Amino acid sequence: MYRRGDLALLIVDWVIDGVGREGEAVHVEGTATDVARRGRDGRWRYVIDNPFGTLSLGEEPCPPGVPGS
């Protein structure tokens, strides 16, 4: 996290493992880049939520260990 006053840039690696509708294993991961702002009430709220970071819209995430992941 990088913070400057009431703004924060969050960079978060995340992983979701689960089961899809057809019973298949599902694995999705990424590096999110998010921006949050602290309100007058002291609570932080997302201003920008970008769950796949620099990944282009429509581009599939790469599996771990594959160049570009």
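The structure displayed is predicted, hence computed values, not measured ones.
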Completion exercise
The reported gap from CD1 in Ile48 to CZ in Arg37 (rounded to nearest 0.5 angstrom) is 9.0 Å
Practice task
State, with a plain yes or no, whether a side-chain heavy atom of Arg3 is found less than 4.5 Å away from one of Arg38.
Solution key: yes
Handout entry: Separation between OG1 of Thr33 and CG of Leu9, rounded to the nearest 0.5 Å
Key = 7.0 Å
Exercise for the section: Go through the steps to decide whether Ile16 and His27 satisfy the test side chain to side chain contact (heavy atoms under 4.5 Å, CB included), and finish with yes or no. Expected result: CA-CA 6 Å; Ile16 297 174; His27 176 84; over 6 Å; no
Handout entry: Flag side-chain contact, heavy atom, 4.5 Å: Val28 against Trp14
Key = yes
Practice task
Answer yes or no: does atom CZ of Arg45 have more than 12 heavy-atom neighbours from other residues, nucleotides or ligands under 6.0 Å?
Solution key: yes
Exercise for the section: Give the cluster check for Trp44 versus Val47: same hydrophobic cluster or not, with ILVMFWY residues linked at side-chain heavy-atom distances below 4.5 Å. Expected result: no
Handout entry: Sub-4.5 Å side-chain heavy-atom contact between Tyr2 and Ile11
Key = yes
Problem - Pairwise distance OG1(Thr31) to CG(Asn50) - rounded to 0.5 angstrom - result: 10.5 Å
Problem - Residue pair Asp13 / Glu29, side-chain heavy-atom distance below 4.5 Å - result: no
Exercise for the section: Indicate if Val19 and Val26 have the same hydrophobic cluster label, given that clusters are the connected sets of ILVMFWY residues with side-chain heavy-atom separations under 4.5 angstrom. Expected result: no
